[in-house]
Structures are given as structure tokens and as C-alpha cells.
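Everything quoted here is computed from the prediction, not taken from an experiment. When a residue number appears, it is its place in the shown sequence, counting from 1.
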Amino acid sequence: MTEEHRYSNPESLGKGTNWQDAIFGTGEKSSHEISITGGNEKSTYYTSFGYFDQTGIVMTDISYYKRINARFNSTHKVTDYLTLGQTFAYTHTKSQGVSANEEYGGPLASAVNLDPTTPVVVTDWSQVDPSGYTNPYIIRDPYGNPYGISRYVNQEMTNPQAFRQIQQGNYSWSDDFVGNVFAELKFLKNFTFKTSLNGKKSYWGSRSFTPKYYLSPNYNNTSFNSLNKVDENKFEWSMENTLTYQNKFGDHNLSVLVGQGIYRYNISGGASLTYSNLPIEHWQDASFNFNIPQDDITATGWDGIQTRKASYFGRVIYDYADKYLFTGTIRRDGSSKFATNQHWGTFPSLSLGWNVHKENFWPENKVINNLKLRGGYGVLGNDEMDNFRFASFMVSGSNYTNSGNNIIIGYAPSTLENPNLKWEQTSQLNIAADLKLFRNFTLTADWYKKKTSDILRQINIPGYVGVPNLPWANVGDMENSGLEFELGYKKNWDDFGISVNGNFATIKNKVLRLEDDIDYFNLASFQTMGAVSRVAVGQPYGSFYGQTYSGVFQNQAQIDAYVNANGNKLLPNAKPGDFIWQDNNGDGKIDDDDKVNLGSSIPKYTFGLTVNLNYKNFDFMVFAQGQAGNKIFQGLRRLDMLDANYQTRVLDRWTGEGSTNENPRITRNDPNHNYSWMSNYYLQKGDYVRVKIIQLGYTLPQDITSRFGMSKVRLYITGENVFTFTKYTGYDPEIAGRNNSEQDIIGVDRAYYPQARTFLMGANIQF
């Protein structure tokens, strides 16, 4: 049967499989917390216990998060001069998740790309090819029916329900212990010395069982099963000492603080253990108690590299009659992540304020009740990268053969060294005004400019350099600037009160400089398409970059007429229904030189609105937020699979002259690169407005609660992510980026895990 007539009678296939229904379900969430407070004028304490349990909306039995937490705080006034205190918290989590924003396998990507002709479970053998179901390790449902295997879409794409079976029993866990103790001593009337010791001990790991399975010809494990566990631990601690002088003389208020801190991170280690060829079939029977041959046991271990930091800091706060305000700070931070000559960085900040309405010349009026002008400038340092990225170590793996064809273990540098690697710095200047208007309105307007210099990042180098890891460098500078506004209104009557707060912000992002004065480097890539975004001087970070089209060829005459100055066809291989690619640089041909900036993944505008209403014992709250001005790369389809399922957009494809000027024809080899080139066709507006929270509450009358020994009882109903208004066609326009040591992926949707619409009922009870 030819490809054109594979589905000559689609009606005979029935309704088909809705793979979205096969993966999405209704999750559940419960949250409980109890707290106890008490004390007297000498000692106070606070203790709380909490439990949180949530299942996901995708494959709910292999997508969950559970948390147990406890906390205990106390302070003790030993004398009028000495106060002691402590905080202790413990958190235990257990979770399992599905891969998100990843097109190479997993339930979300598979559900998007699998064909609807494959059944979830095979019950009618006339609809499938029986020869594809002979492997003894095919996954079956509880009734013995095999889960469907696609004849057309393979590689990492698998039946999500079959994939679900091989993930049973796998989980990650963590135990975190956090503690703090402090002592505060007051002396000489105006001086206070405080010392605090903080510590965190964390244990975490995972446990997974991989059975023998056959999900598809390209996704299977038929050799041996395995049981793996990973156990890791980390200890971090810090100590800070501060001395504060505080005094008020006349209209002058002064506070001076000096301090010192030491910090230790990543005192860590871990181990991994794997048992293979266990004499079992199901995860419930998996155990490390089996006596198996030594060759079937694999164990590895590792130790972390400790990070050491030290800081010296000072701060001065001064005001005169609460009219003129000044705050100045300076930090001197040192980090072991840099070479000896670059350990230290100095980071100052300064802010000024003026309460204009407190001046004698300020007239009493009913329009502007309060006016405060303020401004500030500050610098922060960043050392967020792994240890010793400035150095090059000798690592194994560069094996070679000698004249006798014997394999010799070889060692080579891991990367290029950079002893001049230094602190990344972010400086920010802001000027703002705070107003109170008509007694019930508040308005804040803030202009800011933030510049990040000497950005820490791995850089691209040619492959012939011969090192396995990309080196790190201070690659360039970037600037953000914008305006932020916040408007509020609050008023109360006898039984009714209202509070409304809205905010609006603009942001303009621009890359100012890159390392070695290069113009750009590529960022995110997408399958066979290659790079889809880049970091370019003069453009926002992570701007999309590609070809542009100006419509669809409707007939051969248009193709013949689309020529360059010499009369040669610009697209000689095009057919009616193909994109009209633009010759953006005017050189008379269509190639990579015609790629242009296609828009930014960073929103130009963000906004939010919160409304609180209360009437007698009822209260109501709604919170909405959104963004606008950004683009999202909608990359849900696998380009390297000719038979991967298309989305419904393809129903509006070009089918003949005049049918559409927006969507190209469908072909298997795509000679005009309609789908295989990065272009504005893949970009959609990321604008959205989302009602994040709606809550209605009722507080029981005091005369009722007091009968049961309770001081307050509030019942409430909450909806989260209730409504979303957007034209974006992916799962969720509120997508985040994936950031790792090699690549930043911002605004690229590869089947991003959507946020769930949630409804909660709860009670807050106080005794």
C-alpha cells in the first residue's frame, strides 16, 4: 500500500485513541498543619507540625509529592542584657515525577506524538499487526492484554500506560535537618553583640527497579533486570557575628553595624549500588538481600568538594526627624571557587530617602497626603558555579594503543584553565516615589536600571582543542531596565471593607558585550533543526533566531515569479502550498544568511491584581497575574519522526489555491523545509492572564466558637489556576526555563508540565 493511501478508509479505524485522556487524570492535594505558641515575659516558644500530600495530574500513581515537617523555635531572656534563642526544623519528602519539557520520551511527549491508530490496550487483534507482539517481555494489563505498540512512531515514544508499569515503585526521598542557635548581649546602653551558628544536614537519594520490558523495537530492556539505590548527604554550616551601635539624640537616629561571617558549603558525599539479574519479575519483590554473584553488583562512591566563603560587612542607617533617610552598606566577600588572585570582591550599596510631606513647606491638602522620594545604588556579587572551574585537572579516558596494539590508559587535561575567572557583579540604580492620595489610595512608581557584568558561563571552543569539558569564563555584560508601578486602594465601612492592589512592570533586556568581542553564540537547540535561540550583542538574552516567511505559494505562477535580480528562481524546488521564504539580506538566494531576530522569550510587561473584600464574617480574595510581549517556541512535535502525530493546526493546512496563506502543505520529505527550518512559524505569543487564586472564607461567630474552647474558626474554599486567558496552543503559557551548566533553554516548550487547576476546602482553627 502506498504512503498516500495508508488510510484509504479512515472511518474503518473507529474513533481512535485520545492519548491526552490516557495520561491526564485528577490529582488530589491535602495539607494539614498544627502550631502551638506560648510563653511569658522571660521565654517564648513556637512549635508546628505539618503534612502535605499531592498527586500529579499526569499519570497520577507515578507522579506524587509527600512532605512531613516539624519546627520548634524558642527565645529566652536570661537577664536584662542576655537573650538566647534557637530554631530547629526537620523536613522529610518522598516523591516521584514524570519527565517534563523533554521531547525525548516520557508520558507528555509520547501523548503528543503517538498516532491515534494505536490502541492503549489491544483487545481487537484485527486492528494491529500480531507479529509486533511476540516478544515475551511485552507489558500487559491486569487482564493479560498487551499495551499497544505503535507501528509508525517509535524511538523514545512509548505507550504511556506501558511506561507507567515499568516506573512502579521508583521514588526519590530527602531528610533535611536545619538548626540555628544565637546569643544576643546588650551592653554599654547602646551596644548589642549577636553571634549565631547555623547548620543544615541533608540526606537524600533514590530507589528504582528496572524490570525486563519491551515497549517498542527501540525502547526495551530484555537482557536483565536491576535494582538501584543512591544515597547522598551534605552538611553546611555558617557563623555570623555582628556588633550594633544604636542611639537617638535629638532628631537624629543612628544605627551602625559591623559584622563578620564564615560559611562552609557542600561538605558532601554519596554512593550508588546496583544489583542486576535478580531472580524476580516484579518491583514489590526487589531487595538487596538476594545473594547474587559479585559480577552482578556494581558500586560507586564519591565525595563533594567543599566551598568556603568569608565575609566582612558594615551598615549605617541614619535619619533626621524621619525626613531625611540614609542607608549605606559594604561587603567584602571571599570565595574558594576562584583562584587565589581573584578570591575577594567588594560590593557597596547606598540608598537615600526624603519624606517631603514632613517638611514645613508642605501644604495640608486632600490630594497628596504623603510623598516620599527615594533612590539607591548597589552592587551584588555572584559565584554560582561548581568549584575549581578556574583550573584544569588531568582526567582519565584518553586511552590509546601502542605499537603492540595494547590499550594504554591515557590522561589529558579536562578543560582549559582560566586563573583570571572572577566574581560576576550586578549593579542596580533605582529612583522611586511613594505617594498616598485622597487618603485611601497609595501609588509607588519605580524606575530601575540593572547591569550584570562579567557573567559566569561556559564558553564554546572548537572541537580540535581536544578537551572534554567546556571552560568557564566571564563572558560579557547584560542590562535590564524598566518601570514598576503599584497602585492600591483600601477603605473600610461598618460591616464592609475593600482592598485592591495592582502592579504593572516593564522590562527591557539587552546583551551589551560577549567574550572576545564576538557578536553572538547559539543557545537552545531543537532536534534536527539546530539552534533556535542565541545570545547576541544588542538583542535580549535568548532571542529567537531563524527564517521568516511571507505567506504560502498558491500556484506555480507565483513560484515562477519569485525571482532575484538576475531572474533566477529564489525557491526552485518549491511547490504550491510551500512557504514563501524571504530573502532578508537581499543577496538573491535563500540560505542561513537570511536568518533574523524573531523576538524575545523575555516578557516586556508583567502585571498582577489582588482584590480583598470582607463583609461581616465573610471574606473574599482573588489574585490574577499575567505577562505580555514575549514569544514561545512551540516545539511539541518530533521532527525526526515522519509519522509523529500532528496537532490540530494541521487541519488548516494548505489543500489548494486560496485555502490558506498561513499553514503549508503536508509532505513526507519536506523539500522546501517548511517544518524543518527554524522560523517564525514555530513562535507564538506568550501573552496570558491567569486567575491564580480565588478564595471565599467564613469565620464562625465568636459566641459559637467560644462554647467549644476555640478562639477562632475560619472555613474556606480555594481555587487555584482557575482561569487562563491566552491564545498560546501549548499546555501552559507560563513556562519556565531549564538551566544547567552547559545550556540555558528559555521559552522553548517541549511538552512542559502544565499547572493544575485545583480546588481546596479547608479550615483554620485557633485555640
Any heavy-atom pair between the side chains of [Y] and [X] that's under 4.5 Å?
{"X": "Tyr605", "Y": "Gln627", "value": "no"}
{"X": "Tyr245", "Y": "Leu254", "value": "yes"}
{"X": "Leu598", "Y": "Tyr545", "value": "no"}
{"X": "Leu185", "Y": "Thr192", "value": "no"}
{"X": "Thr244", "Y": "Ser255", "value": "yes"}
{"X": "Leu487", "Y": "Asn501", "value": "no"}
{"X": "Ile330", "Y": "Phe313", "value": "no"}
{"X": "Leu350", "Y": "Phe326", "value": "yes"}

Is [Y] paired with [X] through a side-chain N to carboxylate O contact shorter than 4.0 Å?
{"X": "Lys604", "Y": "Asp687", "value": "no"}
{"X": "Asp477", "Y": "Arg513", "value": "yes"}
{"X": "Lys323", "Y": "Asp251", "value": "no"}
{"X": "Lys309", "Y": "Asp383", "value": "yes"}
{"X": "Lys692", "Y": "Glu720", "value": "no"}

Checking the side chain of [X] only, and the main-chain atoms of [Y] only, is there a donor and an acceptor separated by less than 3.5 Å?
{"X": "His76", "Y": "Leu84", "answer": "no"}
{"X": "Asn190", "Y": "Gln246", "answer": "yes"}
{"X": "Asp732", "Y": "Gln755", "answer": "yes"}
{"X": "Thr726", "Y": "Tyr688", "answer": "no"}
{"X": "Asn355", "Y": "Lys358", "answer": "no"}
{"X": "Asn369", "Y": "Phe438", "answer": "yes"}
{"X": "Asn721", "Y": "Ala756", "answer": "yes"}
{"X": "His357", "Y": "Trp362", "answer": "no"}
{"X": "Ser706", "Y": "Gln702", "answer": "yes"}
{"X": "Arg757", "Y": "Val722", "answer": "yes"}

Greater than 12 external heavy atoms within 6.0 Å of Tyr520's OH: no

Residues, nucleotides or ligands: over 12 heavy atoms within 6.0 Å of Arg71 CZ: no

Geometric class of the Phe496/Tyr615 ring pair [parallel <30°, tilted 30-60°, perpendicular >60°]: tilted

With sequence neighbours excluded, residues passing side chain to side chain contact (heavy atoms under 4.5 Å, CB included) with Lys194: Phe182, Glu184, Thr242

From CA spacing to verdict: side chain to side chain donor-acceptor pair (under 3.5 Å), Thr75, Thr44: CA-CA 5 Å; Thr75 59; Thr44 62; 2.6 Å; yes

Nearest-0.5 Å distance, CD1 of residue Ile765 to CD1 of residue Ile34: 9.5 Å

CG-CG distance between Leu456 and Asp454, expressed to the nearest 0.5 angstrom: 8.0 Å

Centroid-centroid under 6.0 Å between Phe347 and Trp423 rings: yes

Steps toward side chain to side chain donor-acceptor pair (under 3.5 Å) verdict (Tyr263, Glu240): CA-CA 9 Å; Tyr263 313 90; Glu240 288 188 340; 2.6 Å; yes

